[in-house]
A.B. asks: 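Below you will find the structure I want to go over with you.
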Amino acid sequence: MNKMDYDRALFYTHRSEWDNLLILMVRTTDHFLSKKIEHFLHAYNFERDYTVIEQNLYNLLRYIDHANETLEEDINEIPMYSLS
């Protein structure tokens, strides 16, 4: 899984950039992240009960937190940037 997907999901959620969050939902290879985003966006757009929206948001944020904690970094991975 790509750690950038989780960072982007958190950023887009924090900034309320729902269009970018929808694009991330389609492009990510993490099916669980995609489903959490889908459930949140559906609740945000169609649900009248705020507690359901809040619950889906917390589920998404908890999954992002969990994925960031359990994601193992590959030692041999080429860094996205280098300071040298």
Side-chain angles (χ1 to χ4, degrees):
M1 298 303 147
N2 189 356
K3 186 170 181 147
M4 287 292 293
D5 287 347
Y6 307 121
D7 292 339
R8 285 183 181 140
L10 187 60
F11 178 76
Y12 296 151
T13 304
H14 175 70
R15 300 282 303 220
S16 300
E17 295 183 8
W18 309 136
D19 293 338
N20 289 331
L21 193 61
L22 180 66
I23 292 169
L24 177 65
M25 179 188 81
V26 173
R27 291 185 178 170
T28 187
T29 57
D30 185 348
H31 299 293
F32 289 116
L33 178 62
S34 181
K35 270 298 184 197
K36 297 291 184 184
I37 293 172
E38 178 186 2
H39 290 166
F40 168 68
L41 290 176
H42 185 271
Y44 184 81
N45 286 313
F46 299 110
E47 190 63 47
R48 293 184 183 268
D49 186 6
Y50 183 74
T51 58
V52 175
I53 299 169
E54 186 179 30
Q55 184 65 37
N56 282 295
L57 174 62
Y58 287 153
N59 286 339
L60 172 61
L61 294 176
R62 269 188 260 137
Y63 178 73
I64 292 170
D65 187 46
H66 167 75
N68 273 327
E69 287 178 358
T70 59
L71 189 65
E72 295 180 17
E73 293 197 25
D74 188 7
I75 297 172
N76 298 324
E77 183 179 350
I78 299 171
M80 297 180 92
Y81 56 86
S82 176
L83 299 176
S84 58

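FYI, side chains are in, hydrogens and waters are out, and symmetry mates aren't considered; it's all heavy atoms of this structure.
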A.B. asks: When rounded to the nearest 0.5 angstrom, what is the spacing between CG in Leu22 and CZ in Arg27?
C.D. replies: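 Between atom CG of Leu22 and atom CZ of Arg27 there are 10.5 Å.
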
A.B. asks: Can you tell me which residue pairs pass the salt bridge (Lys or Arg N to Asp or Glu O under 4.0 Å) test with a partner in residues 40-67, sequence neighbours excluded?
C.D. replies: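 Qualifying pairs: none.
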
A.B. asks: Measure the CG-NE2 distance between Leu41 and His39 for me, rounded to the nearest 0.5 Å.
C.D. replies: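 If I round to the nearest 0.5 Å, the distance is 11.0 Å.
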
A.B. asks: Give me the atom names and distance for the closest heavy-atom approach of Ser34 to Thr28.
C.D. replies: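 Scanning both residues completely, I find the closest heavy atoms to be CB-CG2, 4.0 Å.
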
A.B. asks: Are Tyr50 and Tyr58 grouped together when hydrophobic residues (ILVMFWY) are joined by side-chain heavy atoms under 4.5 angstrom apart?
C.D. replies: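 Not linked; separate clusters.
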
A.B. asks: Spell out, yes or no, whether Ile23 and Leu33 are grouped together once hydrophobic residues are joined by side-chain heavy atoms under 4.5 Å, including indirect joins.
C.D. replies: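 As far as the 4.5 Å side-chain criterion goes, Leu33 and Ile23 are not connected within one cluster.
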
A.B. asks: Just to verify, what does Phe46 make a ring-ring contact (aromatic ring centres under 6.0 Å, His included) with, not counting sequence neighbours?
C.D. replies: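 Scan of Phe46 (ring-ring contact (aromatic ring centres under 6.0 Å, His included), adjacent residues dropped) gives His42.
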
A.B. asks: Go through the structure and list residues passing side-chain hydrogen bond (donor to acceptor under 3.5 Å, both in side chains) with Tyr63, not counting sequence neighbours.
C.D. replies: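 Residues passing side-chain hydrogen bond (donor to acceptor under 3.5 Å, both in side chains) with Tyr63: Asp30.
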
A.B. asks: Only one of Lys35, Glu38, Lys36 clears side-chain contact (heavy atoms from CB on, under 4.5 Å) with Leu60; which?
C.D. replies: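 With Leu60 as partner, side-chain contact (heavy atoms from CB on, under 4.5 Å) holds for just one option, Lys36.
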
A.B. asks: How long is the gap from CZ on Phe32 to CD1 on Ile64, to the nearest 0.5 Å?
C.D. replies: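 Phe32 CZ to Ile64 CD1: 15.0 Å, rounded to 0.5 Å.
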
A.B. asks: Holding to ring-ring contact (aromatic ring centres under 6.0 Å, His included), I want the full list of residues that pass it with His66, two or more places apart in sequence or in another chain.
C.D. replies: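 Partners of His66 under the ring-ring contact (aromatic ring centres under 6.0 Å, His included) test: none.
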
A.B. asks: A side-chain contact here means heavy atoms from C-beta on lying under 4.5 Å apart; do Ile37 and Thr13 qualify?
C.D. replies: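 When only atoms from C-beta onward are counted, Thr13 and Ile37 do not touch, as no gap falls below 4.5 Å.
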
A.B. asks: In a check of side-chain contact (heavy atoms from CB on, under 4.5 Å) between Phe40 and each of Leu61, Leu21, Asn59, Asn45, which one passes?
C.D. replies: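 Of Leu61, Leu21, Asn59, Asn45, side-chain contact (heavy atoms from CB on, under 4.5 Å) with Phe40 is met by Leu21 alone.
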
A.B. asks: If every non-hydrogen atom of Ala43 is compared with every non-hydrogen atom of Ile53, which pair is closest and at what distance?
C.D. replies: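 Minimum heavy-atom separation between Ala43 and Ile53: O-CG1, 3.4 Å.
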
A.B. asks: Residues two or more places apart in sequence or in another chain: which of them pass side-chain hydrogen bond (donor to acceptor under 3.5 Å, both in side chains) with Asn20?
C.D. replies: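 Asn20 satisfies side-chain hydrogen bond (donor to acceptor under 3.5 Å, both in side chains) with Glu17 once adjacent residues are dropped.
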
